[in-house]
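The structure presented is a predicted model; accordingly, all values stated were derived computationally and were not measured. Chain A is the first sequence line, chain B the second, and so forth, proteins listed ahead of strands; every chain is numbered from 1.
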Amino acid sequence: MHATTYRTHTCGDLRLSDAGKEVTLCGWVFRIRPFGGMTFVDLRDRYGITQLVFSPQIDAALARQAEQLGREDVLQITGQVVERSNKNPALTTGDIEVRVTQLRVLNTSRTPPFTLEDQTDGGEELRMKYRYLDLRRRPLQQNLLLRHQVARAVREFLDSQGFVEIETPHLIKSTPEGARDFVVPSRLNPGQFYALPQSPQTFKQLLMVSGFDRYYQIVRCFRDEDLRQDRQPEFTQIDCEMAFVSREDVLQMFEQMVRHVFRRIRHVELPEFPRMSYAEAIRTYGTDKPDLRFGMTLHYLKDEHANLLEEHHFPVLDQAEVVAGISVPGAASFTRKQLDELTDFVRRPQIGAGGLIHIRWLTDNTIKSSIDKYVPAETLLSYAAKFEAKPGDLILLIAGQASVTRRALSELRLELGRRLGLRAADQFMPVWIVDFPLLEFDEQQRRWAAMHHPFTSWHPDDDALLETEPAQVRANAYDLVLNGVEIGGGSIRIHNRTDQMRMFRRLGLSEQEAEQKFGFILNAFEYGAPPHGGIAFGFDRFCSMVIANQEGIRDFIAFPKNNMGRDVMLDAPSDIDPELKKELGL
RNA sequence: GGUCCGGUAGUUUAGUUGGUUAGAAUGCCGCCCUGUCACGGCGGAGGUCGGGGGUUCGAGUCCCCUCCGGACCGCCA
């Protein structure tokens, strides 16, 4: 199948049944084991590794030549497939070897700056600089090969459901709202700029207006914001939109798509996708992207609505807006050192809790707590009971401002889940988060901003609240969360001019601004726009979850940027020719 | 915009309170070795301790500035 004028087989092809054949292989020298006289070479390509034998008994001159080969030299060899006397069960080709009779060095290699083993000795920076070498390593090859399979499975499913892949432009118009745009100067229109799309959002809505009632695209998107382990300035979305659908239709369709991919790639049947409201997620997990692989949910002694605390004359508790915590099963035996570490963890500036109160409910039914000076044991015991705790459990409490406390507990829960091995790499727990708030108040800009995006429709029951109680309006939006990672999100869209204008007005855009920035879509809505909605998946994240159940995405992208948005291999971004700059009117 | 961690042979790293010639592993080079598969044995070369400035009799080590990398907060509709 992979035979060419250069080779008859790949390095992963040959089996015992091929013994006796004369074959020609091409590949890279992976490891070389010279003995006096005979030399073994592991020849590698993306299909596998085949052991070559050079021996004085076959060709003395060739055997001497083989001793001079270096790692990563590119070879073409011809020889006879023979059964091995010592088989290697670790290799799929381990039953055979090739006794080489002809050797041609197609190209030599300098010694690579790091080893190309599965566990490389290379540091991050070096591997990025020599990305093409890093990509020779098996783990990264596997990632990219599987990424290709994920994309295939996605297309296979969507094609089967009548979706049409349509390309949309990359040179578009900069719009307010959302992330910072990357811009491209226009030579033909000096002083003016295109923007690169943050997503094809408005185009896919226009395609709905055009009647392509099932659209998708695996498409590059660009956002000029700071990077993270799971965020790149250019990333790939599975962008989807459907006309004549309700939220239920969209959730059903894409639950099936995700199931299909997991079946194809992981041979895993996912559990049913439960639904959870945004409010419930925040209350019980402290986050809108809960990891449902384990429990340890949040319990409240005091919140915005109720106070179960007694008066303790202990300001930390008495003055807190929220007092909440989690019960850690079997952790009452944690040492002082472990508890101190957890305290430091929640007090880190990024998390910002004031401190951590612990209540250890020992197996002899006694209580040991950091606050037993202030709170009597029987009261602590009654508090512990509210956490569905039992003897042997550790209760960790945080008191303070509501949002900070919830976030700290959410992070603490994940950290403990990690330490206790509750976040299993082979377990997948999806959940749809629904009923997000439509709007959130941007304290810096002193205005309301769309939580999802400004084209999201709202719950009909909340229509009257848009102008009066914006914080109370529920969006017709949804996120798909898998093991604590947001892998997709979407909404049912606004599809008439009147409501879209109400939204823009709510966001503080004047009639003129709305017309100038979004006139094209407002106009389109006046020509028979159908009800529609959709979803977009972060394809890189989706792949990293499907393939490895991990959050980082760089190892699933062939040529990623570093955390300053630089391509260290190309050394981009860089200065441009002053002449070019002049032509562009910069 | 901010916080934290790191930068020492090609590579990954150790380096005590500031004190003799900066140590190891791996890779590389040479010699030996005919069944290894992380082959093995012996030997060798390889360092502007990221850069600059300062403190000191003396700085890899302490201080200041700076560059680079990583993680995170803000930000990411």
Does [N] have OP1 or OP2 under 4.0 Å away from a side-chain N or O of [X]?
X: A:R33; N: B:U36; value: no
X: A:Q350; N: B:A71; value: no
X: A:R228; N: B:G74; value: no
X: A:N563; N: B:A71; value: yes
X: A:R554; N: B:G70; value: yes
X: A:N86; N: B:U36; value: yes

Counting any heavy atom closer than 4.0 Å, what does [X] reach on the DNA or RNA strands: base, sugar-phosphate only, or nothing?
X: A:G123; result: sugar-phosphate
X: A:S199; result: base
X: A:F35; result: base
X: A:I49; result: nothing

Has the side chain of [X] got a donor or acceptor atom sitting under 3.5 Å from an opposite partner on the base of [N]?
X: A:R231; N: B:C75; value: yes
X: A:R566; N: B:C68; value: no
X: A:E97; N: B:G35; value: yes
X: A:R223; N: B:C76; value: no

* Asked: Parallel, tilted or perpendicular: which describes the rings of A:F40 and A:F35, with under 30° parallel and over 60° perpendicular?
  -> perpendicular
* May I ask you to decide if the ring planes of A:F455 and A:H453 are parallel, tilted or perpendicular, using 30° and 60° as cut-offs? => tilted
Give the rounded distance in Å between these two atoms: [atom1] of [X] and [atom2] of [N].
X: A:I32; N: B:A38; atom1: CD1; atom2: C1'; answer: 15 Å
X: A:E341; N: B:C4; atom1: CD; atom2: P; answer: 20 Å
X: A:E67; N: B:C39; atom1: CD; atom2: C1'; answer: 14 Å

* To do: With rounding to the nearest 0.5 Å, note down the distance linking CZ in A:F559 to CG in A:D134.
  => 10.5 Å
* **Residue whose closest nucleotide on RNA chain B lies nearer the 5' end, A:T111 versus A:E177** => A:T111
* Structure fact -> By nearest-nucleotide position on RNA chain B, the 5'-leaning member of A:M128 and A:F40 is A:F40
* Is there a donor in the side chain of A:D291 and an acceptor in the side chain of A:Y285, or the other way round, less than 3.5 Å apart? -> no
* Opposite nucleotide pairing with B:G10, Watson-Crick or G-U, both atom distances under 3.5 Å -> B:U26
* Asked: In the structure shown, which nucleotide is the Watson-Crick or G-U wobble counterpart of B:U36, with both distances under 3.5 Å?
  -> none
* So, are A:D226 and A:R231 salt-bridged, with charged N and O less than 4.0 Å apart? -> no
